[in-house]
Amino acid sequence: MNKAALRPVIQAGDGRTLSRTQFLSLLNNYNCFLKDQTQLHLSYFRGADGEVVVEGFLNISWGVRRPIRLKIQDDIQTITFAPLISPSPISPIGDKRSMSRWGECVDLHQIDEMAETPQNTVVTKPLPGPPVYESTTLRPVRQRNSEMEAESNLFRCMSDASLVKRRKGRPKSAAEREKERQHRFSINGHFYNYKTAIFTPSLGTPTKVRISSRMTTNQVVEQLLNKFKIENDPQEYALYCVHQSGEKKKLSNKDQPLWERILQGPSDDIMKIFLIDMDEEEVSNVVAQYLNLELPILEQVLLKLREEENREIQRVIHKYHNQHRLLSHMLNCKVSPHIETSV
C-alpha cells in the first residue's frame, strides 16, 4: 500500500488522530526496533470504509492473581461409544479404535499394540495353534510390517534439514489446517493436565496474541482466553498499561490496545500491557513517582504530608471560628431589644 492511498488524517483510537507522516514514522520505527523478529512486524491496509487497519502480534504479560481454569476439551465434539465387547472372535482386542475392558486382553503388552499397530490393519486369518511368546518378555511375537519399518528407518536416517524439507513439500489438508488452528498452546510451557488444570500463571510471563487495531479491549481479552482454552469469564479481566515509572492505567472497553502499543512504542522496558483482574486499582502518575523511593525517604515524605494536613486543619478551624463570631455579632445588631410596657 503506497502513501498516496492513505488519508491525510488517520484515526488512532479514542478520538486521537495522526497525520499520515506521523503514522508511517511510528510504524517504521516500530518495525525497525523489531528488525530481528520479523514475525512481530506490524502491517496495515485500508478497509472498505477507508479506515487504516493495522494487524500484528501484541505482547501481553500475565498479571492475574486468582487461578485460571483450562478447558478439558478444546471444542464440543460428538463422542461415539464403541461396544465394549470385541465383535471379532479372532482377536480379543478387535477394532483397535474401540474401547476394551480390563482383562479382555491376553496380556498387558497387547494394550501397547493398540497405539503401535496402524488402524487400517485388519486381521483376516488367525494364527494356527496356541499363541507364541518371546522367551524373555512373554510378549507375543508380532508380525513385522516391512513398509512401516522401511518408512520408520527412512525417517530415522534422514537429517533434520531433509526431514523439514520433506514435510514442507507435502501440502496440508483442510483437516490438518483446522487442527493447527485449534491447537492448544501452552502458558510458559504449561499444557493442560487434569491435575493442574487450575493454576495461576507466573507474574510477568509474556505471551503473544494476533489482533487488529479495530479490536477493542474486551475482544482482545476474549482472543487471549480462546487461544489458551481458558474457561474463565472474560469480564473478570482487564488490560492495564504499566509504565516504567510504576503508573498503571486501565484500558476501557472502547480503547483499542494495538493503537496504545503503537503510540507507546514497541519497547517493553517503557510500557507493558498486562492481563490483570478487573478489580485491580489504578496507579496515577503522581503516586507512581514515589513508588521507587527508599523507605526512609517515603517516611519523611509522609511526615511532611501529615504536618501540612494538620496546618490545613487548623487554618480551617480558625476560619470557622472567625466566621461564626462575625455572624453572631451581625445577628445581635439586627435584633431589636424587647421593651416591656406597663398598664
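None of the values given here were measured: they were computed from a predicted structure.
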Should [X] and [Y] be regarded as members of a common hydrophobic cluster, given that ILVMFWY residues are connected when their side-chain heavy atoms come within less than 4.5 Å of each other, either directly or indirectly?
X: Tyr320; Y: Val316; value: no
X: Tyr30; Y: Met271; value: yes
X: Leu258; Y: Val242; value: no
X: Ile10; Y: Leu24; value: yes
X: Ile276; Y: Leu239; value: no

* **Arg306 atom CZ: more than 12 heavy-atom contacts under 6.0 Å** =>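 No.
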* Asked: Within a radius of less than 6.0 Å around CD of Glu294, do more than 12 heavy atoms belonging to other residues, nucleotides or ligands occur?
  ->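 No - once you tally the heavy atoms of other residues, nucleotides and ligands closer than 6.0 Å, there are 12 at most.
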Do [X] and [Y] come within less than 4.5 Å of each other through their side chains, counting heavy atoms only?
X: Ile211; Y: Phe57; value: no
X: Glu307; Y: Leu303; value: yes
X: Glu55; Y: Phe45; value: yes
X: Val53; Y: Tyr44; value: no
X: His243; Y: Gln264; value: yes
X: Lys272; Y: Asn59; value: no
X: Asn285; Y: Glu247; value: yes

Do you know which two heavy atoms are closest between [X] and [Y], and how far apart they sit?
X: Gly50; Y: Arg46; answer: O-CG, 3.3 Å
X: Pro257; Y: Ile273; answer: O-CD1, 4.1 Å
X: Ala288; Y: Gly246; answer: CB-C, 3.6 Å
X: Val52; Y: Trp259; answer: O-CZ2, 4.3 Å
X: Ser213; Y: Gln256; answer: O-CD, 3.2 Å
X: Pro67; Y: Ile198; answer: CB-CG2, 3.7 Å

* To do: For side chain to side chain contact (heavy atoms under 4.5 Å, CB included), just list the numbers for Val54 and Ser212, CA-CA rounded to whole Å, side-chain angles, deciding distance to a tenth of an Å, and then say yes or no.
  => CA-CA 6 Å; Val54 186; Ser212 70; over 6 Å; no
* Asked: Does the pair Asp268/Arg261 count as a salt bridge with the N-to-O cut at 4.0 Å?
  ->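 A salt bridge links Asp268 with Arg261.
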* Asked: Salt bridge check: are Glu280 and Lys248 linked by an N-O gap of less than 4.0 Å?
  ->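 A salt bridge links Glu280 with Lys248.
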* For side chain to side chain contact (heavy atoms under 4.5 Å, CB included), just list the numbers for Arg311 and Glu308, CA-CA rounded to whole Å, side-chain angles, deciding distance to a tenth of an Å, and then say yes or no. => CA-CA 5 Å; Arg311 287 195 298 268; Glu308 184 178 353; 3.8 Å; yes
* Do Asn28 and Ser25 get their side chains close enough for a donor-acceptor pair, meaning under 3.5 Å? ->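 Checked: Asn28/Ser25 side chains show no N/O donor-acceptor pair below 3.5 Å.
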Report the distance from atom [atom1] of [X] to atom [atom2] of [Y], rounding to the nearest 0.5 Å.
X: Asn310; Y: Arg315; atom1: CG; atom2: CZ; answer: 13.5 Å
X: Leu298; Y: Leu293; atom1: CG; atom2: CG; answer: 5.0 Å
X: Asn232; Y: Arg69; atom1: CG; atom2: CZ; answer: 4.0 Å
X: Leu40; Y: Arg210; atom1: CG; atom2: CZ; answer: 10.0 Å
X: Ser267; Y: Phe33; atom1: OG; atom2: CZ; answer: 4.0 Å
X: Ile68; Y: Phe199; atom1: CD1; atom2: CZ; answer: 4.0 Å

Taking [Y]'s backbone N and O only, do any of them form a donor-acceptor pair with [X]'s side chain (distance below 3.5 Å, no angle check)?
X: Ser19; Y: Val9; answer: no
X: Thr205; Y: Pro201; answer: no
X: Asp277; Y: Glu236; answer: no
X: Asp255; Y: Ser252; answer: yes

* Show the numbers, then the answer: is there a salt bridge (charged side-chain N to carboxylate O under 4.0 Å, His left out) between Asp279 and Arg66? => CA-CA 11 Å; Asp279 55 356; Arg66 290 192 286 267; 3.6 Å; yes
* Asked: Could you walk me through whether Glu51 and Arg214 pass the side chain to side chain contact (heavy atoms under 4.5 Å, CB included) check?
  -> CA-CA 10 Å; Glu51 181 184 359; Arg214 285 183 172 177; 3.7 Å; yes
* Scan Thr216, Thr217, Val221, Asn218 and name whichever one has a side chain to side chain contact (heavy atoms under 4.5 Å, CB included) with Leu251. =>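 Exactly one pass, corresponding to Thr217.
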* **Sole candidate of Leu275, Ile60, Asn226 that passes side chain to side chain contact (heavy atoms under 4.5 Å, CB included) when paired with Val209** =>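 Filter result, single survivor: Ile60.
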* Answer with yes or no after comparing the ring centroid distance for Trp62 and Tyr237 against a 6.0 Å cut-off, counting only values under it. =>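 Ring-ring flag for Trp62/Tyr237: false, centres at least 6.0 Å apart.
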* Trace of the side chain to side chain contact (heavy atoms under 4.5 Å, CB included) decision for Leu263 with Arg16 -> CA-CA 10 Å; Leu263 294 175; Arg16 295 169 296 194; 3.5 Å; yes
